Engineer: 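Please find one structure pasted underneath; my questions will follow.
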Amino acid sequence: MRKLIPLAIILITIFALAYYITPKITPQTQVRPLGEFYLENSYFGDYSAKSPEVVTSILWDYRGVDTLFETSVFFLAIIGSLTLFRLNKKQEKEAKQKTEEFSGGLTLVIKSVTKIIVAMILAVSASIALHGHLTPGGGFQGGSALAVAPLLIIAAYSKYALEESGLDKTRALILRSIGLLGIALVALVPLLNDGFIMQNQPVFPAELGGQLVGGSLIYYNFFEFLAVGAGFTAVFLLLAIPESVFKKFLRRVENE
Amino acid sequence: MNEILFYIGAIMIVIGGICDLFGALGLLKFPNFYIRLHAATVGTIGGAVVPLFGVGFLALGSDFLPNKYAIAGASFVTGVIVLLAAPAGAHALAYAAHKAKLVTWEPKVDHLAEVREND
């Protein structure tokens, strides 16, 4: 009974809001001048960002610096978590050794399904990121979808399988740095051409072989895709270190 | 032809709703983890894959929908993916629970344990 009282209060509040307050807010019937500007200019107009997707145009061109700082906040978070779990070179090598109780991952059924699903995830995430200038989605969303693939491999096979096939933490960090560097370089290119930072300048081709590529937007999306996917992969690899191994490291540090 | 597809799709969606209801009931009422996992899989296969295919048939059979082939294709592909992933996920959960010996149960037959002991 006591549990029902908060529930009833919440329900009553929601219904009261819906019935009494919502009709009093006058709905917006016209597009505001700012919205109209973006809708008209994002693809046609004089200030074109070469993309029919207005959200992507705003994200990576009109309000590009905002997105740049958002990206840097995300990377500070990744760097912060990597610092929390930092290991020296000897410990890193030891973390790559298989533990005794490791029995080779999950069963054959799961491994085969994982192979198919991982291939699908790679294709879908690349499509989300590289069509970012045409459809909803973009670099960050594509990168987050990409990061699911190594996570699935870690769950079904093990982190050792990922490391043996060449994607260890250092490689992931290098990929992430390439992505970040790419974003920074593409952002600086318009300055050489008398433009503003992160402006979509005609230096970047808007069409390649008859396909709309949206000038610099596709480069931003691709590098963000790479950086986000690799950043998440690095964190997942660290989190996949077995607890017993990590506790061993901690105990050794305490003893010294 | 279109009408038949439409009705098959609608019936499959209704079957999906019933399967979801039974899956939810079983998830709440069944005695231990493995049997509850069976109820959850009834919920995902019967309650997600079947209605997804149903939506595909329904979209194919309706003349009034714009982009009906896109809707049908997307729902068929999603259905196949769920059809692949859901049994593997349930299998992984059951395998992990059996390996960790976390569930208290009184099985009449436990083939996996017999195989383990023979190894």
Side-chain angles (χ1 to χ4, degrees), chain A residues 3 7 52-53 98-128 131 134-137 141-142 144-162 236 239-245 247, chain B residues 24 28 33-34 37-38 40-46 48-50 52-53 55-56 66-103 107 109-119:
Chain A
K3 277 181 193 166
L7 191 71
E53 236 278 86
K98 285 175 189 168
T99 51
E100 281 166 16
E101 58 265 23
F102 176 68
S103 62
L106 290 170
T107 56
L108 183 68
V109 179
I110 303 161
K111 282 182 177 172
S112 334
V113 172
T114 306
K115 270 181 205 162
I116 303 169
I117 301 270
V118 162
M120 281 175 176
I121 287 173
L122 292 181
V124 168
S125 61
S127 143
I128 293 173
H131 289 164
L134 297 174
T135 52
Q141 291 83 345
S144 315
L146 175 70
V148 179
L151 191 60
L152 267 181
I153 294 176
I154 286 172
Y157 287 77
S158 64
K159 82 189 258 292
Y160 311 114
L162 210 59
F236 290 150
L239 291 179
I241 296 174
E243 202 183 351
S244 54
V245 175
K247 270 186 180 161
Chain B
L28 287 172
F33 177 76
Y34 298 108
L37 197 59
H38 161 69
T41 318
V42 168
T44 46
I45 299 294
V49 177
V50 173
L52 270 170
F53 285 146
V55 168
N67 308 325
K68 64 175 183 175
Y69 292 110
I71 296 173
S75 45
F76 280 131
V77 170
T78 319
V80 169
I81 292 173
V82 178
L83 194 61
L84 270 176
H91 171 75
L93 279 173
Y95 181 77
H98 189 276
K99 196 171 185 181
K101 298 190 180 101
L102 283 173
V103 185
V109 185
D110 190 352
H111 286 306
L112 190 56
E114 284 165 24
V115 172
R116 281 267 166 69
E117 275 157 24
N118 287 341
D119 281 345

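The chains referred to below are lettered A, B, ... by the order of the sequence lines, with proteins before strands, and numbering in each begins at 1. Fair warning: this is a prediction, and the values are worked out from it, not measured in the lab.
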Engineer: Does the side chain of A/L152 come within less than 4.5 Å of A/Y157's, by heavy atoms?
Structural biologist: no
Engineer: State whether the side chain of A/S127 and the backbone N or O of A/A123 hold a donor-acceptor pair below 3.5 Å, judged by distance alone.
Structural biologist: no
Engineer: Within the structure provided, determine whether B/I45 and B/P87 are in side-chain contact (heavy-atom separation under 4.5 Å).
Structural biologist: yes
Engineer: Given the options A/V113, A/L106, A/I110, which has more heavy-atom pairs under 4.5 Å with chain B than any of the others?
Structural biologist: A/I110
Engineer: Any residues in residues 66-86 of chain B near chain A, with a heavy-atom distance under 4.5 Å, and which are they?
Structural biologist: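 Those residues of residues 66-86 of chain B which have a heavy atom under 4.5 Å from chain A are B/I81, B/L84, B/A85.
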Engineer: Keeping the roles fixed (side chain from A/S158, backbone from A/I154), state whether a donor-acceptor pair exists under 3.5 Å.
Structural biologist: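 Side chain of A/S158 to backbone of A/I154, a donor-acceptor pair under 3.5 Å: no, none is there.
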Engineer: Return yes when atom NE2 of B/H98 has more than 12 non-hydrogen atoms of other residues, nucleotides or ligands closer than 6.0 Å, and no otherwise.
Structural biologist: yes
Engineer: Hey, does A/L134 have a side-chain heavy atom less than 4.5 Å from the side chain of A/E53?
Structural biologist: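 With C-beta onward as the side chain, the pair stays apart.
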